[in-house]
> 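Before I ask anything, let me first share the structure, which is written out below as structure tokens.
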Amino acid sequence: MGILFGVLIKKIFFLVLMLCIFFPLSLSAQVDEYLVKAVWFEKFTRFIEWPEGSVVNQSTGDFVIGVYGTNPFGTTLEKVYKNQKIKNKDVEIRYLNKLTQIGECNMVFICESEKENLLQIIEMYKTKPVLLVSEMQGAAESGVHVNFYISQSKILFEINESAARQSGLYMSFRLLNVAKVINPVKG
């Protein structure tokens, strides 16, 4: 039963991933918004390089996704990443309540409830290799690396390429081509 459930989850993950790649997902398509965003997390990492020497590039340890603030995902992240790897690593989901815990993660989703702390978070982690992801209006302009937004009932994202580069994260042109790029790196 457990193996069958794992295969089913992988097939669902693959289907959602293919839909994300080939069709802009519409909220009216009855697809859970946070399931789509959770799937995008893994997809982003395929096109991002962490700096040499970072824990992401080490052969041991988990890939750690943090959620800072009031969790909008429910149990979706646990379900999606129970059997799914990121960067060939098992995925650990952590729910954070202290700013200092962000540095223990490879990727952090900053929830809407932390809007007042956003600039402080960005300032604390602007030179650290932690992928900062959010869904707040203006967050990419403020320095969040990847920011989800909804336009015409579609889940889209913008990337602050300069902020990501300052953190030591390099975004592939393939990822940049499907995003709205804020502060592109020149040259």
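In this text the structure is predicted, and so the values were computed from the model without any measurement.
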> Any link between Y149 and M136 through a network of hydrophobic side chains (Ile, Leu, Val, Met, Phe, Trp, Tyr) touching at under 4.5 Å?
no
> Determine whether D32 and V36 make a side-chain contact, defined as any pair of heavy atoms from C-beta on separated by less than 4.5 Å.
no
> With a sphere of 6.0 Å drawn around NZ of K128, does it hold more than 12 non-hydrogen atoms of other residues, nucleotides or ligands?
no
> Could you state whether I86 and L35 fall into the same hydrophobic cluster, counting links through intermediate Ile, Leu, Val, Met, Phe, Trp or Tyr residues with side-chain heavy atoms under 4.5 angstrom apart?
yes
> Between V133 and M107, which heavy-atom pair has the shortest distance, and what is it?
CG2-CG, 4.1 Å
> If I take atom CD from residue E52 and atom CG from residue N57, how far apart are they, to the nearest 0.5 angstrom?
7.5 Å
> Between E135 and Y34, does the side chain to side chain donor-acceptor pair (under 3.5 Å) criterion hold? Intermediate values first, please.
CA-CA 11 Å; E135 61 181 357; Y34 289 96; 2.8 Å; yes
> Please answer: with hydrophobic residues joined when any side-chain heavy atoms are less than 4.5 Å apart, are V146 and V108 in the same cluster?
no
> With rounding to the nearest 0.5 angstrom, report the NZ to CG distance, K82 to D90.
12.5 Å
> Taking side-chain contact (heavy atoms from CB on, under 4.5 Å) as the criterion, tell me which of N160, L119, I121, N147 meets it with S142.
L119
> So, Y81 side chain and T76 main chain: donor-acceptor pair closer than 3.5 Å or not?
no
> Do the side chain of T70 and the main chain of S113 share a donor and acceptor less than 3.5 angstrom apart?
no
> Hey, what's the ring geometry for F157 with F44, parallel, tilted or perpendicular (30° and 60° as the breaks)?
perpendicular
> Does CD in Q58 sit with more than 12 non-hydrogen atoms of other residues, nucleotides or ligands closer than 6.0 Å?
yes
> Below 30° counts as parallel, above 60° as perpendicular, anything between as tilted: where do the rings of W50 and F63 land?
perpendicular
> Check step by step if side-chain contact (heavy atoms from CB on, under 4.5 Å) holds for E158 and E141.
CA-CA 9 Å; E158 53 195 0; E141 289 88 352; 4.2 Å; yes
> Taking everything shown except N88 itself, do over 12 heavy atoms lie less than 6.0 Å from its CG?
no
> Go through N97 and Q101 one step at a time and tell me if the side-chain contact (heavy atoms from CB on, under 4.5 Å) criterion holds.
CA-CA 7 Å; N97 55 23; Q101 294 173 312; 3.2 Å; yes
> For the NZ atom of K87 and the NZ atom of K89, what is their distance to the nearest 0.5 Å?
10.5 Å
> On the ring face of W40, is K37 found with NZ or CZ under 6.0 Å from the centre and within 45° of the axis?
no
> Using the rule that two of Ile, Leu, Val, Met, Phe, Trp, Tyr join whenever any of their side-chain heavy atoms come within less than 4.5 Å, decide whether Y95 and L131 are in one cluster.
yes
> Please answer: with hydrophobic residues joined when any side-chain heavy atoms are less than 4.5 Å apart, are Y68 and I65 in the same cluster?
no
> Would you say CD of E78 has more than 12 non-hydrogen atoms from neighbouring residues, nucleotides or ligands within 6.0 angstrom?
yes
> After noting the C-alpha distance and the side-chain angles of R94 and V67, does the key distance pass the side-chain contact (heavy atoms from CB on, under 4.5 Å) rule?
CA-CA 6 Å; R94 293 185 188 170; V67 177; over 6 Å; no
> When rounded to the nearest 0.5 angstrom, what distance separates CD in E114 from CD in Q120?
10.0 Å
> Quick check: closest heavy atoms across P51 and L169, and the distance to 0.1 Å?
CD-CD2, 4.2 Å
> Mind checking salt bridge (Lys or Arg N to Asp or Glu O under 4.0 Å) for K180 and listing every partner two or more places apart, or none if nothing turns up?
none
> Please check if the number of heavy atoms outside E49 that lie under 6.0 Å from its CD is greater than 12.
no
> CG/N117 to CE/M124 distance, rounded to the nearest 0.5 angstrom?
10.5 Å
> Determine whether the aromatic ring centres of residues F109 and F73 are separated by less than 6.0 angstrom.
yes
> What residue among L77, T75, N71, V80 forms side-chain contact (heavy atoms from CB on, under 4.5 Å) with I93?
L77
> What distance do L96 atom CG and K98 atom NZ have between them, rounded to the nearest 0.5 Å?
11.0 Å
